[in-house]
Amino acid sequence: MPELPEVEHARRTLEHALLRKHIEHVKVYDARILDDGVKPAAVVRTLSGTRVVAIQRRGKWLRIELDSGARVFSHLGMTGKWVAAKSDDATMPFEKVRLDVATSKKTTRSVRYLDPRLFGRFVVRAPRDVDLPTWTALGPDPLLDGIDVDALHAKLARRKLPIKPTLLDQTVLAGVGNIQATEGLFTARIDPRRPARDLSRKEIAALARAITRSIAKTIALQEGPIIQYVEEAGAPNPFAIYGNEGTPCPRCKRPLAKIVLAGRGTVFCPHCQR
DNA sequence: AACGGAACCTGAAAGC
DNA sequence: TGCTTTCAGGTTCCGT
């Protein structure tokens with residue numbers, strides 16, 4: 001699931017369940033989600049009894065701040081999600097981590113981290129430790145910071161990789177993934193293969209607007225009474241071209257193409273993206 | 001330094 | 001039907 005909109009959804013789920021609560025119980029089912037060599041018992045020790053003071057998101061990373069000064073950095077990888085539950089709910093399929101918090105009610109609130117493919121991370125930093133370097137290196141987040149067109153223009157001027165893989169570099173814009181990059185380039189009518197440095201300021205402005213709009217739209221789709229991730233199995237594909245290779249371009253009706261750029265599938269319209 | 005490709009994992013869908 | 005192959009929205013490491 002996870003690009004910026006899905007991670008923002010996860011942030012809200014965690015905030016609703018955990019903010020200002022004390023962590024009563026921690027369970028790590030699979031140590032591979034942790035940093036190499038870190039033992040589940042150490043994570044349990046660091047987190048138990050602490051109070052959650054903030055849940056932040058930057059790009060695709062989440063940061064849970066504890067009153068002890070410890071922090072948890074959570075990344076959903078390709079298939080991770082945080083799900084709200086009750087403490088007496090059974091262990092869920094693919095559950096890798098669980099946090100239970102005390103509430104005034106009888107039942108205890110619980111959040112479960114599910115991740116079949118195990119590309120996600122759950123990294124705990126002790127009170128005096130520095131933040132994760134990847135977190136610190138993240139570029140501007142389109143939702144939190146907006147996109148400064150001149151700054152982006154200046155940054156892209158130094159890159160000769162195609163624009164599509166450049167957009168996936170999290171130090172360029174934090175949170176843009178394969179879908180948002182694909183959709184944004186389509187809306188801005190830019191060929192994904194163009195070297196990043198060749199884009200004009202005008203094109204970059206169009207791209208920034210398209211990405212911002214695409215993210216806002218995807219977040220809006222997740223809201224409403226029944227919160228669910230977009231693109232769950234069976235859900236209709238809500239995107240303009242992502243996943244629609246071979247079908248007619250929504251703009252010019254010629255068939256959408258699919259190529260591989262820097263190892264990632266890339267759908268585009270060879271006729272109206274230039 | 002910059003780049004392509006493999007690696008990390010598992011499940012679902014497509015292909016045969 | 002059932003076995004095999006391919007692909008997946010992310011990141012990081014390794015060799016050239």
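All chains are named by letter (A, B, ...) in the order of the sequence lines, taking the proteins before the strands, and each is independently numbered beginning at 1. Note: hydrogens, waters and symmetry copies are ignored here, and every other heavy atom, side chains too, is used. Just so it is clear, the structure is predicted and the values come from calculations on it, not from any experiment.
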Who are the ring pair (Phe, Tyr, Trp, His ring centres under 6.0 Å) partners of A:Tyr113, not counting sequence neighbours?
A:Trp82
Distance in angstrom units between A:Gln170 CD and C:dG9 P, rounded
14 Å
Whole-Å distance between C:dG9 C1' and A:Tyr242 OH?
5 Å
Ring-face cation contact, A:Phe186 with A:Arg251, 6.0 Å cut, 45° max
yes
Value rounded to 0.5 Å, distance of CZ in A:Arg51 from OG in A:Ser68
12.0 Å
Would you please name every residue forming a side chain to side chain donor-acceptor pair (under 3.5 Å) with A:Lys60, sequence neighbours left out?
none
Phosphate OP1/OP2 of C:dT11: any A:His75 side-chain N/O under 4.0 Å:
yes
With a 4.0 Å limit, can you tell me whether A:Gln180 has a side-chain N or O closer than that to the phosphate oxygens OP1/OP2 of C:dG9?
no
Within a 6.0 Å radius of atom NZ on A:Lys27, are there more than 12 heavy atoms belonging to other residues, nucleotides or ligands?
no
Applying side chain to side chain donor-acceptor pair (under 3.5 Å), can you list everything that pairs with A:Asp150, at least two apart in sequence or on another chain?
A:Arg201
Out of A:Glu183, A:Arg209, A:Gln180, which residue meets the side-chain hydrogen bond (donor to acceptor under 3.5 Å, both in side chains) rule with A:Ser214?
A:Gln180
Once you round it to whole Å, what is the distance between P of B:dA2 and NZ of A:Lys160?
9 Å
Summary of salt bridge (charged side-chain N to carboxylate O under 4.0 Å, His left out) pairs that have at least one residue in residues 127-142 of chain A, sequence neighbours excluded
A:Arg57-A:Asp141, A:Arg63-A:Asp131, A:Arg71-A:Asp131
Taking only N/O atoms, report every protein-nucleotides 14-16 of chain B pair under 3.5 Å with atom names and distance.
none

Would you please name every residue forming a salt bridge (charged side-chain N to carboxylate O under 4.0 Å, His left out) with A:Arg109, sequence neighbours left out?
none
Nearest-Å distance for atom pair CZ/C1', residues A:Arg197 and B:dA2
11 Å
Spacing between A:Leu168 atom CG and C:dG10 atom P, to the nearest angstrom:
7 Å
List in chain and number order the residues that pass side chain to side chain donor-acceptor pair (under 3.5 Å) with A:Arg32, two or more places apart in sequence or in another chain; answer none if no residue qualifies.
A:Asp30
Contact under 4.0 Å: A:Lys60 side-chain N or O vs C:dT11 OP1/OP2:
yes
Under 3.5 Å, is there a donor on one side chain and an acceptor on the other for A:Lys86 and A:Ser110?
no
What interatomic distance, in whole Å, is found between C1' of C:dG9 and the corresponding atom of B:dC3?
23 Å
So which of residues 257-270 of chain A are in contact with DNA chain C, with a heavy-atom cut-off of under 4.0 Å?
A:Lys258, A:Arg264
Distance, P atom - from C:dC14 to B:dC9, rounded to whole angstrom:
15 Å
Between B:dG11 (C1') and A:Phe94 (CZ): distance, integer Å
7 Å
Please write out the pairs of protein N or O atoms and N or O atoms of nucleotides 7-9 of chain B separated by less than 3.5 Å, giving the distance to one decimal.
{"from": "B:dC9", "atom 1": "O2", "to": "A:Arg117", "atom 2": "NE", "distance (Å)": "2.8"}
{"from": "B:dC9", "atom 1": "N3", "to": "A:Arg117", "atom 2": "NE", "distance (Å)": "3.3"}

A:Glu245 CD to C:dT6 P, in whole Å, measures 17 Å
Got A:Val53 and A:Leu66 here, is their nearest side-chain heavy-atom distance under 4.5 Å?
no
Scan the side chains in residues 37-47 of chain A for donor-acceptor partners under 3.5 Å anywhere in the protein, sequence neighbours excluded, and list what turns up.
{"from": "A:Thr46", "atom 1": "OG1", "to": "A:Ala42", "atom 2": "O", "distance (Å)": "2.9"}

Nucleotide of C:dT12, B:dG4, C:dG10 approaching A:Thr134 most closely (side-chain heavy atoms)
C:dT12
Apart from A:Ile215 itself, what residues make up its hydrophobic cluster, given side-chain heavy atom links below 4.5 Å?
A:Leu4, A:Leu143, A:Ile147, A:Val149, A:Leu152, A:Leu156, A:Ile163, A:Leu167, A:Val172, A:Leu173, A:Val176, A:Leu185, A:Ile190, A:Leu199, A:Ile204, A:Leu207, A:Ile211, A:Ile219
Dot-bracket summary - DNA chain B, pairs being Watson-Crick or G-U whose distances fall under 3.5 Å, with | when paired to another strand
.|||||||.|||||||
Just how far, in rounded Å, is P of C:dG10 from CD of A:Glu3?
5 Å
